[in-house]
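Note sheet for the following structure.
Quantities reported herein were computed from a predicted structural model and do not represent experimental measurements. All values below were derived from every heavy atom in this structure, side-chain atoms included, with hydrogens, water molecules and symmetry-related copies excluded.
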Amino acid sequence: MSAYKSDFLNILAERGFIHQVSEPDALDARAKDGTLTAYIGYDCTAPSLHIGHLLPTMMLYWLQQTGHRPIALMGGGTTRVGDPSGKDETRRVLSEDAINENLRSIRKTFTKFLKFEGDGGNAIMANNADWLNTLNYIDFLRDVGRHFSVNRMLSFDSVKLRLERQHELSFLEFNYMILQAYDFVELNKRYGCALQMGGSDQWGNIVNGIDLGRRMNNAHLFALTAPLITTASGAKMGKTAAGAVWLNADLVSPYDYWQFWRNTEDGDVGRFLKLFTIMPLDEIARLSALQGAEINEAKKVLATEATALMHGRAAATEAGDTSRKTFEEGAFAGALPTVEIPRAELEAGIGVLIAFADKTALVSSNGDARRQIKAGGLKVNDIPVSDDKMTLTAKDLTGDGVIKLSLGRKKHVLLKPV
């Protein structure tokens, strides 16, 4: 049982969100006695957040659910610099227009988890471009830069690892930790924000902000980090052979998102139910205790509940139904991912390698397709492909007017002539 007195820290502790906390007793008292304002920063390097952003977003969700005020800080300014944490290469610098376009797209995700001002809630969407883009460099060096020791900055993992591996670290990126620290101070000044949360790799950056707040404004600030989530087999959570698992439905369909959670390793089901759903802990305990083949039922619950949070209950239910029809009943289902192709192209004939590699991207290349065929991994209309020179034509259309391509038992795409 958690020893915290505040609902906020109690829930985070019980559900497995806490890795490190600065001054836990003082933060607990602050959360118990009044409204706590806390923030998490998100860069705008892509038009969608991915599954790696889900853990911090759930922390903001529980913050608001326990009566406090969350700030989702969009890095409209820092995206122009790039966070060196955990990276070996300098990030591509985006244009102002691209950053703003990404920011608009990302906003939609947060409305699934947080209630913003104007929608009956108190959550704030802030953008650090509002203060970083107008900074006067000389003033900034004098007022903020003087509080930073280069010796100490060089000791942080995000910098040290890059230098040890002899990968280049630009002066632009070296400044990132100063800008992040300044964000914390600015949010404290503007909104009374007293807590920054993030992944465990952000601890050093957050502590920098605490120190800067004390030096500049005599502010009492706090840090809370979540553990780095790896799977039971040691892989980084959220990375698949196909790449990042995006949260936007136009990049990863609700069906594929459901399948990602359904494929959770047995040893991770209980932990992921706590972190990525809002189900009661006693129900999670019951599902976590299931053994053998029954654990698959818990995985389906995880998939449906996680998908419902992101894409809505109707989409989650439809994805579950589609999966059941496809795997358990062997039927085609309309909600499977569908790729449209010109009818004339199909009538002329499409090579099976092109169909799997180029048309549907079920495999990464023609060579990958050939390897899968040798291993019996590719199927057309549920029949294994044995010849890599096979050609798909209109005669392969099913009664539903589609051709079903499958990689293994769990990945399916329908080819539909138009």
Inset, instruction - List the steps, then state whether salt bridge (Lys or Arg N to Asp or Glu O under 4.0 Å) holds for Lys5 with Asp28. - result: CA-CA 6 Å; Lys5 296 180 174 67; Asp28 192 28; 5.2 Å; no
Inset, instruction - Test side chain to side chain contact (heavy atoms under 4.5 Å, CB included) on Leu353 and Ile373 and set out the steps. - result: CA-CA 10 Å; Leu353 301 182; Ile373 288 170; 4.0 Å; yes
Legend entry - Derivation and outcome, side chain to side chain contact (heavy atoms under 4.5 Å, CB included), residues Tyr182 and Leu132: CA-CA 9 Å; Tyr182 184 67; Leu132 295 183; 3.8 Å; yes
Inset, instruction - Take Ser253 and Trp258 through the test side chain to side chain contact (heavy atoms under 4.5 Å, CB included) and record every step on the way to the result. - result: CA-CA 9 Å; Ser253 71; Trp258 191 96; over 6 Å; no
Inset, instruction - Before giving the answer on side chain to side chain contact (heavy atoms under 4.5 Å, CB included), spell out for Leu195 and Phe8 the whole-Å C-alpha distance, their side-chain angles and the decisive distance to 0.1 Å. - result: CA-CA 12 Å; Leu195 170 64; Phe8 170 57; 4.0 Å; yes
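No side-chain donor-acceptor contact under 3.5 Å links Asn205 to the backbone of Met177. Looking only at distances, no side-chain donor or acceptor of Asp256 sits under 3.5 Å from a matching main-chain atom of Val252. With Thr111 contributing its side chain and Lys108 its backbone, the two residues share a donor-acceptor pair below 3.5 Å. Remark: the backbone N or O of Ala31 is not paired with any side-chain donor or acceptor of Ser6 at under 3.5 angstrom. Of the possible donor and acceptor atoms, one in the side chain of Thr277 sits under 3.5 Å from a partner among the backbone N and O of Met279. Judged purely by atom type and a 3.5 angstrom limit, Ser323 has no side-chain atom pairing as donor or acceptor with the backbone of Ala319. Side-chain atoms of Gln64 come within 3.5 Å of backbone atoms of Lys115 as a donor-acceptor pair (strictly under, hydrogens ignored). Without hydrogens or angle criteria, Asp119 side chain to Gly121 main chain gives no donor-acceptor distance under 3.5 Å. When atom types are taken as modelled, the side chain of Lys112 and the backbone of Met310 share a donor-acceptor pair closer than 3.5 angstrom.
Val352 and Val380 get closest at one heavy-atom pair: CG2-CG2, 4.4 Å. A pairwise comparison of heavy atoms in Ala355 and Leu392 identifies CB-CD1, 3.7 Å as the closest pair. Among all heavy-atom pairs drawn from Asn122 and His68, the shortest one is ND2-O, 3.3 Å. In terms of heavy-atom proximity, Trp62 sits nearest to Thr66 at O-OG1, 2.8 Å. Among all heavy-atom pairs drawn from Phe222 and Ile210, the shortest one is C-CD1, 3.6 Å. Annotation for Leu36 and Ala194: closest pair CD1-CB, 4.2 Å, computed over non-hydrogen atoms.
Contact check on Lys374 versus Asp388 returns no salt bridge, with no Lys/Arg side-chain nitrogen under 4.0 Å from an Asp/Glu carboxylate oxygen. The pair Arg30-Glu23 fails the salt-bridge criterion, with no side-chain N (NZ, NE, NH1 or NH2) lying under 4.0 Å from an Asp/Glu carboxylate O.
Residue pairs satisfying the salt bridge (charged side-chain N to carboxylate O under 4.0 Å, His left out) criterion with at least one member in residues 349-367, sequence neighbours excluded, are listed as follows: Glu345-Lys359. Sorted by first and then second residue, the salt bridge (charged side-chain N to carboxylate O under 4.0 Å, His left out) pairs with a member in residues 272-283 read Glu283-Arg286; sequence neighbours excluded. Contacts classified as salt bridge (charged side-chain N to carboxylate O under 4.0 Å, His left out) and involving residues 202-213 (residues at least two apart or in different chains) are given here: Asp211-Arg214, Asp211-Arg215.
Atoms CG and OG1, on Leu407 and Thr360 in that order, are 9.0 Å from each other to the nearest 0.5 Å. Note: Leu378 CG to Ser386 OG = 11.0 Å, rounded to the nearest 0.5 Å. Atoms CG and CD1, from Leu397 and Ile403 in turn, are 5.0 Å apart once rounded to the nearest 0.5 Å. Rounding to the nearest 0.5 Å places CZ of Arg15 at 8.0 Å from CD1 of Ile278. The structure places CG of Leu179 at 7.5 Å from CG of Leu135, a figure rounded to the nearest 0.5 Å. Atom CG of residue Asn128 and atom CG of residue Asp183 lie 4.5 Å apart, to the nearest 0.5 angstrom.
Counted by atom type alone, Thr264 and Asp268 present zero donor-acceptor pairs between their side chains at under 3.5 Å. A donor-acceptor pair shorter than 3.5 Å cannot be found between the side chains of Thr225 and His19. For the 3.5 Å distance criterion, the side chains of Glu347 and Thr393 fail to qualify, holding no donor opposite an acceptor. A donor-acceptor pair shorter than 3.5 Å can be found between the side chains of Gln202 and Gln180. In this structure, a donor-acceptor pair under 3.5 Å is present between the side chains of Tyr42 and Thr57.
For the pair Leu221/Gln196, no side-chain contact is recorded, criterion being any heavy-atom separation below 4.5 Å from C-beta on. Taking 4.5 Å as the limit, some side-chain heavy atom of Arg313 sits within range of a side-chain heavy atom of Glu305. Residues Val144 and Leu212 meet the side-chain proximity criterion, which asks for heavy atoms closer than 4.5 Å. The shortest distance between side-chain heavy atoms of Leu54 and Leu247 falls below 4.5 Å. Within the 4.5 Å cutoff, the side chain of Leu55 has heavy atoms near those of the Phe17 side chain. The shortest distance between side-chain heavy atoms of Leu73 and Met125 does not fall below 4.5 Å. Looking only at side-chain heavy atoms (C-beta outward), Arg190 and Trp131 come within less than 4.5 Å of each other. Contact check for Val245 versus His50: no side-chain heavy atoms found under the 4.5 Å cut-off.
Taking the six-membered ring for Trp, Tyr191 and Tyr39 have ring centres at least 6.0 Å apart. Taking the six-membered ring for Trp and the full ring otherwise, Trp261 and Phe276 have centroids separated by under 6.0 Å.
Ser48 pairs in a side chain to side chain donor-acceptor pair (under 3.5 Å) with only one of the listed residues (Asn248, Asn102, Thr109), which is Asn248.
Within 6.0 Å of NZ on Lys389 lie no more than 12 heavy atoms contributed by other residues, nucleotides or ligands.
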